[in-house]
Amino acid sequence: MARNLLWIASGGMIGSLLRYGVDILPLLFLVLPDPILTTALVNMTGCLFMGIAVVRLQINKEAADRARLFLLTGILGSFTTFSGYTIQSLELFKQSSVLFLLYFFGQVILGVLLLFAGAKVSGQRTRGQKP
């Protein structure tokens, strides 16, 4: 149990720092970041990598338990942001129902498509390899 918590915490620290990096990177280039775009970027990137990781972890079952805690729960769980997504959806709802619907359903649909794309790409790369 304690080891599992350490795997999750280690991954969570990395994911949180990566998430913060996405927020401040545009500031380094003197470009004002758009919180809605950065949230969409991290969520969509997270969905793509989630699809890749899930397939890769099914192939290598020995390391799957620890890697799942570290990578999926820790890194990708901290990197992506459901809370930011819901807050921004609420803000868009106050501004425009059309923008709200595009953002709210667009992220879900695109996220699922990227998850499948990641799984497909990862599955094609691993064909022919011994598990």
Side-chain angles (χ1 to χ4, degrees):
M1 179 70 165
R3 283 187 179 177
N4 290 349
L5 294 176
L6 286 175
W7 283 112
I8 293 168
S10 300
M13 182 180 68
I14 293 169
S16 296
L17 292 173
L18 289 172
R19 173 70 178 96
Y20 182 67
V22 171
D23 279 341
I24 66 166
L25 189 62
L27 294 175
L28 298 176
F29 298 103
L30 302 175
V31 177
L32 291 177
D34 185 338
I36 289 178
L37 292 179
T38 56
T39 297
L41 175 68
V42 297
N43 285 342
M44 296 306 103
T45 305
C47 288
L48 179 65
F49 282 111
M50 185 73 75
I52 293 169
V54 165
V55 170
R56 298 296 298 181
L57 291 174
Q58 288 174 345
I59 293 168
N60 186 358
K61 294 192 186 282
E62 279 184 26
D65 290 338
R66 287 175 297 197
R68 187 171 288 114
L69 293 173
F70 178 73
L71 183 62
L72 301 183
T73 306
I75 292 178
L76 292 176
S78 295
F79 181 67
T80 58
T81 173
F82 183 73
S83 58
Y85 163 70
T86 55
I87 289 169
Q88 291 164 352
S89 294
L90 179 63
E91 293 296 322
L92 285 175
F93 183 76
K94 293 175 185 173
Q95 296 174 20
S96 163
S97 57
V98 173
L99 286 177
F100 164 76
L101 290 172
L102 286 173
Y103 186 71
F104 187 80
F105 290 109
Q107 271 209 54
V108 172
I109 293 168
L110 187 58
V112 170
L113 291 174
L114 286 169
L115 180 78
F116 286 135
K120 178 91 173 160
V121 167
S122 184
Q124 287 178 345
R125 286 185 168 196
T126 57
R127 276 193 193 137
Q129 295 179 355
K130 291 184 178 182

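Computed from a predicted model, the values in this text were never measured in an experiment.
Closest approach of Leu57 and Ala64 over heavy atoms only: O-CB, 3.4 Å. Shown here for Ser83 and Thr86, the closest heavy-atom pair between the two residues is O-OG1, 2.8 Å. Shortest non-hydrogen contact noted between Ala53 and Leu71 is CB-CD2, 3.5 Å.
The CG atom of Leu99 lies 15.0 Å from the NZ atom of Lys94; values are rounded to the nearest 0.5 Å. Here the straight-line distance linking atom CG of Asn43 with atom CD of Gln107 works out to 4.5 Å at 0.5 Å rounding. In this structure, the separation between CD on Gln58 and OG on Ser122 is 9.0 Å, given to the nearest 0.5 Å. Note that the CG atom of Leu101 and the OG atom of Ser89 stand 10.0 Å from one another [nearest 0.5 Å]. To the nearest 0.5 angstrom, Leu76 atom CG is 11.0 Å from Ile14 atom CD1. The structure places CG of Leu115 at 11.0 Å from CG of Leu110, a figure rounded to the nearest 0.5 Å.
Checking Thr39, Thr81, Thr38 one by one against Gln88, the side-chain contact (heavy atoms from CB on, under 4.5 Å) holds for a single residue, Thr39.
Within a 6.0 Å radius of CZ in Phe49, no more than 12 heavy atoms belonging to other residues, nucleotides or ligands are found.
Leu17 and Val42 are not part of a single hydrophobic cluster, where members link through side-chain heavy atoms under 4.5 Å apart. Residues Phe100 and Val108 fall within the same hydrophobic cluster, defined by Ile, Leu, Val, Met, Phe, Trp and Tyr side chains chained together at heavy-atom separations under 4.5 Å. Neither Phe79 nor Tyr85 shares a network with the other; the hydrophobic side chains, linked directly or stepwise wherever heavy atoms of I, L, V, M, F, W or Y lie under 4.5 Å apart, form separate groups for each. Note: the hydrophobic cluster containing Val22 does not contain Tyr103 (ILVMFWY, side chain heavy atoms under 4.5 Å, direct or indirect links). Residues Phe82 and Phe104 share a single hydrophobic cluster, defined by chaining ILVMFWY side chains whose heavy atoms lie under 4.5 Å apart.
The shortest side-chain heavy-atom distance between Leu92 and Ile36 falls under the 4.5 Å cut-off. Counting heavy atoms from C-beta outward, Ile75 and Phe70 have side chains that approach closer than 4.5 Å.
Judged by distance alone, the side chain of Ser78 and the main-chain N or O of Gly12 form a donor-acceptor pair under 3.5 Å.
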